[in-house]
Amino acid sequence: MSPEAHSAPRSLAEALRARDDASLAALLRSRPDLITPVPTDLTQLATRAGTRASVLRALERLDRFALQTAEALAVAPDPASYDTLLGLMAGDAGDETVARALPRAVATLREQALVWGDDERLRLVRTARELLAPSPQHPSPTGLGPTVQEATSGMSPGRIQEIVTTAGLPSTHDSVTAVAALTGLFTHRRKMAKLLAGAPEAAREVLSRLVWGPPYGQVTADPAAHLRWLLDRGLLLPTAPGTVVLPREVALHLREGRAHRAPEPLPPAVAPAATHSPQVVDATAAGQAYTALATVEELLKDWDEGGPAVLRAGGLSVRDLKRTAVALDVSEPVAAFWAELAYAAGLIASDGEADERYAATPAYDEWLELPPAERWARLARAWLAATRTPGLVGGRDAKDRTLSALGPGLDRSAAPEVRHRVLSLLAALPQGAAPDAESVLARLRWERPLRGAQRDGARDDDLRSRLARWTLSEAELLGVTGRGALSSQGRALLGAPAAPGAPATPGAGSAEPTGPGDKLPVHHHRAPERLAPLSPAEQGVAAAAAARLLAPLLPEPLDHVLLQADLTAVAPGPLRRPLADMLGVLADVESKGGATVYRFTPASVRRALDAGRTAADLHAFLAEHSRTPVPQPLAYLIDDVARRHGHLRVGAASAYVRCDDDALLNEILADKRAAALRLRRLAPTVLAAPADPATLLEGLRAMGYAPAAESAEGDVLITRAHAHRTPPRTAPEPVPDGPPPPDATLLTAAIRAIRAGDLAATTPRRPVGEPLAGGELPRTSAADTLATMQAAVLTGDSVWIGYVNAEGAASQRVIAPIRVEGGFVTAYDHTADEVRTFPLHRITGVAELADD
């Protein structure tokens, strides 16, 4: 046997054992489920890498060409040489593009431990072969059927000999050699061409219909002559009564050696649909970002005093979603997006009361105090990482229940990865280029062709396509893109380097910090089209860089409005926070857009007075912040409402009304509209009612009066708007798509532990004493154990021990004893890679290591 053959791995465990630490780290990074929990040795790692669940997850993460390569190996002989695989992928003619791409695909399969062995003996792991090999129940994506040997396994020897003779081959003494001879004929290109040259035209048409799959067909009990010709020569083989199959070797000859009809070695390019000036893109995106902030603020302001009720099953009702959409002047899907975005950012939550409602959280008040660009960055960062998918709102779950906004069932673990990938593809385009949506979807389908599990009544690859479409529309709504192209702040949010020809942007691959204490991630080593997701620390830095890029593009807040004689005020741009808050109390928003129009009404003025403002305060406020004189109608309105405000006082009796003017109380009692309040006089200046104070206040205001609430001490109660808040809430955690990728520290520790455990499991040992049940651990007497340990201390040798810990778990270890005293042995534990102390009474036995 040659040295090369002797050194070839005989199992996946041996192949992993031959890898260096960098290669093992690449495997664990690409398949993080293998490290949870950390395997004890490489044999266990190989076993775990071959489990069905792990292999399925690995196959789902292959790109189309790597998957096609695995599918070709599944129909190739086991093991197969690289040249055989190349023939299946490139065909007899040899496709140069496929030949150039194949080494990368094989390297990918090897890295992910789906393929092992050298180029002369490539082996697909058994579970992957079972999943990808053709069978009647699970046809192969290649369209190939069973081999001649598999198809004839249940056929009588006499029938096999008849087929061999009719095909022009000499008869044999047994079925095995007959099948081998028939296989040799079908795989011999010249002999097969000669055989098929004599086939009837109708027979060749049958073969052409089956050649690319499915390879199965139906025949009658008395087949036609051209079918009989094929059956007699084994070009079609029976698999069941009335069913025939085209053998794999015949199909490969007709395909000129190709396993796939259309190999796809190269990913489809993302085509630009339009190109805009980068300045126009950034300005458009900034405008959308400002609109996003205004919309979220409006939504939260609408829910500040207690928003919609929470459904019993969780989420918003259809009616409340429609009401929210009308309030925001958007469609219902867009309203669901804004509500979900605020929820993902931790700005709204349920208040947890008995009559549960949605409301703003304390984090909303903190968010409002941030500069606009930082508020946008927080929203964008939450959107990028969220697994909740607003686009599913209105659909049906697996139990045919409607999916509601803010309700359960909206998490899709693939959403962050798809969002990040779509934006990465946009980042790879020239700056200002907007992609063609269909080319983006085609690229994603090439990168993840096997995401096909049934979910929500649709295939998962369809869900990925929908996620990509939603990403493109949501990024535009949020201002990450402008006119379909990735903006500068969106590029920085990904940590992507600046586009070719564009100036470097802070935080986007630039190595120069832009603020005190900033330490920006440098991603020059990344390929433009494959940006790895950022760590949490890098995400924070990238979000800050995106905010700095956006800040100069946002409009400056104004400190003034324009008052008009028709009781309206025009805000020609965004207003500063105190002005906007006060104006929101004093007036109602009539229209929005580039300029916001506010209207003053008796109810709005009374709202300001209820909040503790006086008429003098309101006059001074308007005079200070208006660039036009205060119109006389507005001044009269304020004075008229203020004159009547608080003249009546409402308190708790259950409720009462008191007023110094008994004539006014008489007027109220005589009013028929007050009958529902059931008022009665307690004193000349006091009326009582069984209704609560709030109901009494609303009833009197509906009658045209302007009462004020008072406390038990007789003081006027000041009611401030936007007071309802939930208890402190944390933003919803994204639902991960499997175990998270391990960081460098965990990888280093895990590989060290696996190597040490493998050393303990594979180091040659001299048998000593009787083995335990199962033959795993040695058993020696206490005296022999002590003597061997003491000898190892003197010689410095390592020994193999069986050890049972305090919990009763048995393990095997390789240790180098340092000191033996007081019933304990102190030794360097190769398995744990540290110095440890072992009680001698817990050591089941000891064995010396073999000399080799």
Side-chain angles (χ1 to χ4, degrees), residues 279 281-301 304 338 341-348 360-386 475 477-482 486-495 505-508 510 512-521 534 536-561 571-584 592 594-596 625 722 725 731:
Q279 291 77 16
V281 169
D282 289 349
T284 305
Q288 287 297 121
Y290 170 73
T291 302
L293 293 178
T295 304
V296 172
E297 287 183 42
E298 186 176 355
L299 171 67
L300 271 295
K301 189 178 295 183
D304 258 350
W338 293 122
L341 179 61
Y343 178 63
L347 304 182
I348 58 174
T361 65
Y364 171 60
D365 299 308
E366 300 173 7
W367 180 75
L368 281 178
E369 298 302 319
L370 296 174
E374 293 184 24
R375 281 187 277 137
W376 176 86
R378 183 173 294 187
L379 292 179
R381 182 179 175 185
W383 168 75
L384 198 58
L477 284 173
L478 194 53
V480 175
T481 59
L486 190 65
S487 64
S488 296
Q489 60 265 25
R491 192 178 295 274
L493 192 67
L494 292 176
T505 56
S510 171
E512 181 181 355
T514 59
D518 284 351
K519 185 178 181 182
L520 298 176
L534 303 179
E538 290 178 327
Q539 289 173 11
V541 175
R548 285 192 291 270
L549 287 173
L550 177 62
L553 303 175
L554 294 177
E556 285 292 330
L558 303 176
D559 62 352
H560 65 272
V561 295
L575 300 177
R576 290 184 179 176
R577 175 69 50 202
L579 174 57
D581 290 344
M582 183 58 202
L583 200 58
K592 296 175 292 185
T596 305
H625 294 288
H722 321 315
R725 290 290 182 270

Problem set entry | Straight-line distance of Arg491 CZ to Thr481 OG1, nearest 0.5 Å | 12.0 Å
Exercise. Within a strict 4.5 Å, meaning less than it, do heavy atoms of the Met582 and His625 side chains meet?
Worked result: no
For this session: Find the distance between CD (Gln288) and CG (Leu477) and round it off to the nearest 0.5 Å.
Result: 6.5 Å
Exercise. Which pair of non-hydrogen atoms, one from Ala543 and one from Ala377, has the smallest distance, and what is that distance?
Worked result: O-CB, 3.5 Å
Problem set entry | Taking every non-hydrogen atom, the tightest pair across Leu550 and Ala373 | CD2-CA, 4.3 Å
Exercise. Quick one: are Leu379 and Leu347 in side-chain contact, heavy atoms under 4.5 Å?
Worked result: yes
Seminar exercise, completed: Tightest non-hydrogen contact, residues Pro372 and Leu554, listed as CB-CD1, 3.8 Å
Exercise. Checking Thr361 side chain against Gly346 main chain: does a donor-acceptor pair fall under 3.5 Å?
Worked result: yes
Exercise. So how far is it from Leu384 CG to Gln539 CD, rounded to the nearest 0.5 Å?
Worked result: 7.0 Å
Problem set entry | Expected output: side-chain Trp383 to main-chain Leu341 donor-acceptor under 3.5 Å | no
Problem set entry | Considering all heavy atoms, the nearest Gly495-Ala542 contact | N-CB, 4.4 Å
Problem set entry | Between CG on residue Leu299 and CD on residue Glu297, distance to nearest 0.5 Å | 11.0 Å
For this session: Could you tell me whether the side chain of Trp376 and the main chain of Ala551 form a donor-acceptor pair under 3.5 Å?
Result: no
Problem set entry | Residue pair Val296 / Trp367, side-chain heavy-atom distance below 4.5 Å | yes
Exercise. CG/Leu486 to CG/Leu494 distance, rounded to the nearest 0.5 angstrom?
Worked result: 6.0 Å
Exercise. Between the side chain of Ser487 and the main-chain N/O of Asp282, is any donor-acceptor distance below 3.5 Å?
Worked result: no
Problem set entry | Test item: Arg576 side-chain N/O and Asp559 main-chain N/O as donor-acceptor pair under 3.5 Å | no
Seminar exercise, completed: Between the CH2 atom in Trp338 and the OG1 atom in Thr295, the distance rounded to the nearest 0.5 Å is 5.0 Å
Seminar exercise, completed: Closest heavy-atom pair, Arg375 versus Leu370, reported as atoms and distance to 0.1 Å, is NE-O, 3.1 Å
For this session: Search all heavy atoms of Ala285 against all heavy atoms of Gln489 and return the closest pair with its distance.
Result: CB-NE2, 3.5 Å
